[in-house]
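Data block below; observations after.
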Amino acid sequence: MITPEKRSSYYEAMFLLSTAQAADFGAAIAHINEILARGHAELVAMKKWDERRLAYEINGNKRGVYILAYFKAPNESLSHIERDCRLSEKLMRSLILRADNLTLEEMQASDGRKELEVEAKLRAERAVAAPA
């Protein structure tokens, strides 16, 4: 019996975290990675896009941290990834689009995972140094 070939596409995703979730930045990034892994996605690049004031309050939050990710995933898994994002209590919002306008090299050039690790360590050190 011949099994049909699973079609995959490249996607661009923007995740919005509250500043409270961003305080434990390493765990927030791990949560995003976990959601993508459950959807059988292959992460191509991820970086912090910005931290800014929101246009309107979301669940009482006035500021948010935006994480931009590029990944490759089977087309049928996308609905599962989007569902996990909607159900996540750690993500305020998410937007996932097909990245047909970008080449793989352009996606890889925007990879900032090393910077994410450094920022996660710095935020963790600040949290330990600051008395509660």
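No experiment lies behind these values; they were computed from the predicted model shown.
- Of all non-hydrogen atoms in A28 and L17, the two that sit nearest each other are CB-CD1, 3.8 Å.
- Separating the CG atom in L36 from the NE2 atom in H80 is a distance of 14.0 Å, to the nearest 0.5 Å.
- One hydrophobic cluster, built from ILVMFWY side chains closer than 4.5 Å, cannot hold both M107 and L95; they sit in different ones.
- The nearest pair of heavy atoms linking R38 to D84 is NE-OD2, 3.2 Å.
- Between the side chain of R123 and the backbone N or O of A22 there is at least one donor-acceptor pair closer than 3.5 Å.
- In this structure, the side chains of M46 and L116 come closer than 4.5 Å at one or more pairs of heavy atoms.
- Note that OH of Y70 and CD of E42 are 16.0 Å apart. Values are rounded to the nearest 0.5 Å.
- Each of R113, K114, K48 was compared with E119 under the salt bridge (Lys or Arg N to Asp or Glu O under 4.0 Å) criterion, and only K48 meets it.
- F15 pairs by the ring pair (Phe, Tyr, Trp, His ring centres under 6.0 Å) definition with nothing, not counting sequence neighbours.
- Here the closest non-hydrogen pair linking K47 and S110 is CD-O, 3.2 Å.
- With Q21 contributing its side chain and S18 its backbone, the two residues share no donor-acceptor pair below 3.5 Å.
- Here the closest non-hydrogen pair linking A45 and D111 is CA-OD1, 3.5 Å.
- Under the 4.5 Å side-chain heavy-atom criterion for Ile, Leu, Val, Met, Phe, Trp and Tyr, I29 and M92 are members of distinct hydrophobic clusters.
- Side chains of Y11 and N75: a donor-acceptor N/O pair is present below 3.5 angstrom, by distance only.
- Here the CD-CG distance, from E89 to N59, works out to 10.5 Å after rounding to the nearest 0.5 Å.
- Counting heavy atoms from C-beta outward, Y10 and D100 have side chains that stay 4.5 Å or more apart.
- The shortest non-hydrogen separation linking A41 to I81 is CB-CD1, 4.2 Å.
- Between L16 and S94 there is no side-chain heavy-atom pair separated by less than 4.5 Å.
- A distance of 8.0 Å separates CD1 in I32 from SG in C85, rounded to the nearest 0.5 Å.
- In this structure, the side chains of L91 and I35 come closer than 4.5 Å at one or more pairs of heavy atoms.
- For the atom pair CZ (R7) and OG (S9), the distance works out to 9.0 Å, reported to the nearest 0.5 Å.
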Problem - Intermediate values then yes/no, side chain to side chain contact (heavy atoms under 4.5 Å, CB included), R52 and V65 - result: CA-CA 7 Å; R52 60 172 54 182; V65 177; over 6 Å; no
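- Sequence neighbours left out, the pairs with a member in residues 27-61 that pass ring-ring contact (aromatic ring centres under 6.0 Å, His included) are W49-Y66.
- Contact annotation: the side chain of E57 never approaches that of L54 to less than 4.5 Å [non-hydrogen atoms, C-beta and beyond].
- Of all heavy-atom pairs spanning I96 and A13, the tightest one is CG1-CB, 3.8 Å.
- Side-chain contact between V118 and E115 is absent, with no heavy-atom pair separated by less than 4.5 Å.
- Under a hydrophobic clustering in which Ile, Leu, Val, Met, Phe, Trp and Tyr are joined whenever their side-chain heavy atoms come within less than 4.5 Å, directly or via other members, F71 and M14 fall into different clusters.
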